Amino acid sequence: MKNTIEVPTNFIKNIIIEDLKEKRVSSVVTRFPPEPNGYLHIGHAKSIWLNFSLAQEFGGRCHLRFDDTNPVKEDETYVEAIKEDVKWLGYCWGEHLYFASDYFEKLFEFAVTLIKKKKAYVCDLSPEEIKKYRGTLTEPGIPSPYRDRSVEENLDLFYRMRNGEFEEGSKVLRAKIDMSSPNLNMRDPVIYRIIKKPHHRTKDKWCIYPTYDFAHCLSDAIEGITHSLCSQEFEDHRPLYEWFINELIDTEPKPKQIEFARLNLTYTVLSKRKLIQLVQEGYVSGWDDPRMPTLAGLRRRGYTPESIRRFCELIGVGKSESMVDIAMLEYCIREDLNKRALRKMAVLNPLKVVIVNYDEDKEEMLEAINNPEDMSQGTRLVPFCREIYIEREDFMEEPPKKFFRLAPGREVRLRYAYFIKCVDVIKDENGNIVEIHCTYDPETKGGNAPDGRKVKATLHWVSARHAIDAEVRMYDRLFVKPDPTEDEKKGIDFKEYINPDSLVVLNNCKLEPSLKDVKLGERFQFERKGYFCVDKDSTNERPIFNLIVPLRDKWSKHAKKTNK
RNA sequence: AGGGGUGUAGCCAAGUGGUAAGGCAACGGGUUUUGGCCCCGUGAUGCGGAGGUUCGAAUCCUCCCACCCCUGCCA
C-alpha cells in the first residue's frame, strides 16, 4: 500500500531494543554533536534525524551539543545557523543545549586525575617528533623520552601549561596507553594542546584545549548519553573512547559508541572542504544557493523539512559505504508536494496564441481546481480572453510521432477552458514562429465536447492581458557525473564535472493572476512543469521562483531517447 | 607487526539456520481535463568467490578476493 508509511528497522534500533530489554539502560539519551565550524548539509540531516527520532521513538531525549574544542576553526555565527537548521528540520532539544566548552573545567580535572593515576604525561616533543615517534601502520611506535616523568612534575607542567607559561606546540598532554598498539589512536594520543586564541564562548579563559578524543566521550558521560552515534571513520577511535571512560567514569550506564555509514548522494558533493570551494570560487552564489546540498540551500530551493525527514527514513541506516541516488530525494519532495501544493498555470517560455474567432472585448472567468489530490482546497477563477500564452514547446510545426500537443490543423484542450485548433502559423522574416492563430469551439467550455470527441493533449495557458511577469530559475543537478570525485585519483578535480546548465534563468515567464501576492517560501505546482518556490530575491513588482523539482515527464524522456 | 570495517538487483535496504521483504530507478499496461498523481504487472534458482558442516546455509566454519577508513597538537 502506498499510503502506509513504514519505517524500516535498522541495526542501531535493534541494539537499543536489546539494551532496553536486557536492562542495560532504562532510557535512551542521544545527542547531535556538531562542531560550529560550518553549515549543516543533508548528511548532517541524516544524523539529526537518527538521533532525534530514536530518542523520540523510545521516549528518551536528544541533546544538541556543540563540540567546540578547537577555537581556531569555530565561530558563534555557526552555532546560530546550526540551531536554526535543526529547528527547521523539525527537532527540539528543549532544555538540552550544551557546549563541550561548558565542561572545560571538569575536563581539566579529569586530566589531572589521569596524571595522578600515572595514565597521562606532559610531552615536550615537537609535532614532527611526535609523528616520528608514533611509528607507522606496520611498525610500532617508540616511547617519548618524557613518558616517565613523575606525577609531581607532570602536574606542575600541566598547571603551567594552563597558566600560559609555554608556547603553542612546545608541550602537550598525552594519555599513556600503548606505543606499540596496532591501532595508531592508542599510541599515546594527545589530549590537551596549547592554543593561544580566544574561544568564541570562553574568550581568554583558556589557552589549553582538550582534543576530540578526550572531550567527546567524557562529554557524553557527563550528559548521561546512552547511545553515542557517530560516523564510521571513528570506529578506530572506539577503543580510546572506552579507555577514557573506563579510567575516569564509574557511573552506569556508560555511553556506548555506535558507528554508522555517512550519507553520500549522487550528482553532488558533501565534504565541507569541497562545499567551501564551490562557495569561495564562485561556482554558486553562497551557502544557501538553491543548488547546494546544505540545509540552507535545500530550504531556499523549496525542499520541505518533511521531505528531508522522509528521505532519511527511506534510505535507512547501515554500515556499508553507500551512494544514494538523488532521485530518491527528488521522489520525497514530489511525494510531499503532490499532496499539498496548490496547482497554478504558469507559462515559462511563452508563445502567443490568438484565438481568431473569440471576441476581442470578451473576457471570461473559468473555474480551476486548486488541487485534484485534495478537493477541500477548492477552486479558483482564471481569466480567459482572445490572446493567451502557451508553452513554446507545446507547439510543433512538424510534429514527430507521439507528439500529442498542438500542431497545424490539430485540436487540443486548454485546461479548464476550450478546445482550440491551430489554423495558422505566423513567422518573422527569419522564419521564427512569432505567434499562432487558432479557432476555439464555444461548445467545449470547461474542457469537454458535447459530441464526445476527444483530444490527445491538455495544455496549460495564461491570458496575455492578465498575465503577471516573473522570473523563474530552473535548477538542475550541480554535477554531470554521479560521483564527481570518482576521478580524483586520476588527478581530475571534481569541479571539472560541474554542470554548466545547473542554473538557467527564464526572464519572460507569464503567470496566472492569482499568483499576484505570493509570499516568500510559498510553494506551488505549475501544472505540467514542476514544483516551484518563491525566492527571497523577489520584489513586489517581480516575483522570482525557484524550480524545486520538475514533474516526472515521460514525453521528454521519450524525446531524448529517440533523438540519439 | 599492521589494525578496523563493509560486500544481498542499476541505487538504498530487510533478513540473525527453515527455502531471498520493501522502497527508489527502469520497463510494460490501465486510468486520466497535468505525458503529473493513482492502479496493475515485470526483476536475484541467487546473497563478493571457493570449499566445508547440516535434512536444510545469505545466515555457522575455513580459505581467498574486492572496496573503504586509520600514521592531525582537526572533528
Side-chain angles (χ1 to χ4, degrees), chain A residues 2 6 8-11 14 33-35 37 67 69-70 72-74 123 125-127 130-132 134-141 168-174 180-187 189-195 208-209 211-213 215-216 230-239 259 261 266 272 313-332 334-335 338-339 343 345 368-369 372-373 402-405 413-417 446-448 454-460 482 525-530 550-558:
Chain A
K2 272 270 176 186
E6 294 157 24
T9 187
N10 62 62
F11 78 101
N14 293 341
E35 183 187 19
N37 70 343
D67 224 341
T69 57
N70 185 356
V72 312
K73 308 174 76 168
E74 298 154 7
C123 180
L125 255 26
S126 69
I130 288 181
K131 182 175 172 146
K132 206 177 298 168
R134 187 156 30 225
T136 69
L137 295 177
T138 52
E139 295 159 327
E168 271 188 34
S170 64
K171 281 183 170 50
V172 291
L173 185 70
R174 292 229 251 169
S180 62
S181 169
N183 181 346
L184 293 277
N185 294 118
M186 301 299 273
R187 320 242 262 228
V190 171
I191 61 177
Y192 264 93
R193 59 315 197 185
I194 299 167
I195 301 176
I208 58 172
Y209 293 90
T211 56
Y212 164 86
D213 283 312
H216 200 96
C230 62
S231 49
Q232 264 175 315
E233 62 267 32
F234 291 103
E235 210 136 21
D236 290 338
H237 294 245
R238 194 184 337 134
E259 309 83 12
T266 56
K272 202 168 279 176
E313 281 174 10
L314 281 186
I315 59 175
V317 181
K319 296 193 58 134
S320 60
E321 200 207 346
S322 58
M323 174 77 78
V324 175
D325 194 334
I326 199 162
M328 192 87 94
L329 219 209
E330 295 171 343
Y331 164 79
C332 290
R334 286 192 190 107
E335 179 192 49
N338 178 50
K339 290 180 306 207
R343 314 288 128 123
M345 292 201 285
I369 294 165
E373 302 294 313
K402 295 236 187 157
F403 182 87
F404 303 150
R405 283 109 98 146
R413 171 168 43 229
L414 294 178
R415 184 147 223 222
Y416 303 123
N448 282 308
K454 303 284 183 203
V455 289
K456 293 189 88 172
T458 300
L459 270 38
H460 63 283
Q525 184 195 101
F526 291 171
E527 291 207 55
R528 301 209 303 132
K529 301 308 293 185
L551 258 28
R552 291 180 71 220
D553 183 357
K554 280 188 187 146
W555 163 246
S556 72
K557 205 177 273 179
H558 171 263

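These numbers come from the heavy atoms of this one structure, side chains and all, not from hydrogens, waters or symmetry mates. Throughout, protein chains are lettered first and strands after them, A, B, ... in sequence-line order, and every chain is numbered starting at 1. None of these values were measured; they are calculated from a predicted model.
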Would you say A:N14 places a side-chain N or O within less than 4.0 Å of OP1 or OP2 belonging to B:G15? yes

Looking at [N], does its base get a donor-acceptor pair with the side chain of [X] below 3.5 Å?
X: A:R334; N: B:G36; result: no
X: A:E373; N: B:G36; result: yes
X: A:D236; N: B:G3; result: yes
X: A:Q525; N: B:U34; result: yes

Is the shortest side-chain heavy-atom distance between [X] and [Y] below 4.5 Å?
X: A:R187; Y: A:R174; answer: no
X: A:L551; Y: A:F526; answer: no
X: A:T211; Y: A:P189; answer: no
X: A:L125; Y: A:K132; answer: no

Sticking with atom [atom1], work out how far [N] lies from [M], rounded to a whole angstrom.
N: B:G48; M: B:U8; atom1: C1'; result: 10 Å
N: B:G17; M: B:G5; atom1: C1'; result: 25 Å
N: B:A21; M: B:U42; atom1: P; result: 13 Å
N: B:U45; M: B:U34; atom1: C1'; result: 44 Å
N: B:C40; M: B:U31; atom1: C1'; result: 11 Å
N: B:A14; M: B:C24; atom1: C1'; result: 15 Å

Given [options], the nucleotide with the shortest approach to the side chain of [X]:
X: A:P182; options: B:G3, B:C73, B:G36; result: B:G3
X: A:K131; options: B:G5, B:U71, B:A1; result: B:U71
X: A:Q232; options: B:G15, B:U34, B:U6; result: B:U6
X: A:R405; options: B:G2, B:G15, B:G35; result: B:G35
X: A:K73; options: B:G36, B:C74, B:A75; result: B:C74
X: A:A327; options: B:A25, B:C73, B:C70; result: B:A25
X: A:R552; options: B:G15, B:G36, B:G2; result: B:G36
X: A:T136; options: B:A25, B:U6, B:U71; result: B:U71
X: A:L184; options: B:C12, B:G2, B:A26; result: B:G2
X: A:K557; options: B:C12, B:G35, B:C27; result: B:C27

Minimum heavy-atom separation for A:D213 to A:H237, with atom names? OD1-ND1, 2.7 Å

Using the aromatic ring of A:W555 (for Trp, its six-membered ring), decide whether it stacks on the base of B:G35 within the limits of 5.5 Å and 30°. yes

Taking [atom1] from [X] and [atom2] from [N], how many angstroms apart are they, rounded to a whole number?
X: A:D325; N: B:A26; atom1: CG; atom2: C1'; value: 11 Å
X: A:L137; N: B:G3; atom1: CG; atom2: P; value: 11 Å
X: A:E330; N: B:C11; atom1: CD; atom2: P; value: 18 Å

Is the NZ atom of A:K402 crowded by more than 12 outside heavy atoms at less than 6.0 Å? no

Syn or anti for B:G51? Use the chi torsion, O4'-C1'-N9-C4 for purines and O4'-C1'-N1-C2 for pyrimidines, with syn inside 90° of 0. anti

Enter the distance from A:N448:CG to A:R413:CZ here, rounded to the nearest 0.5 Å. 6.0 Å

Re B:C38: Watson-Crick or G-U wobble partner, both distances kept under 3.5 Å, found to be B:G30

Sorted by position of nearest nucleotide on RNA chain B, 5' first, the leading residue of A:R187 and A:E233 is A:R187

If you assign A:G141 and A:A457 each to the RNA chain B nucleotide with the nearest heavy atom, which residue ends up on the more 5' nucleotide? A:G141

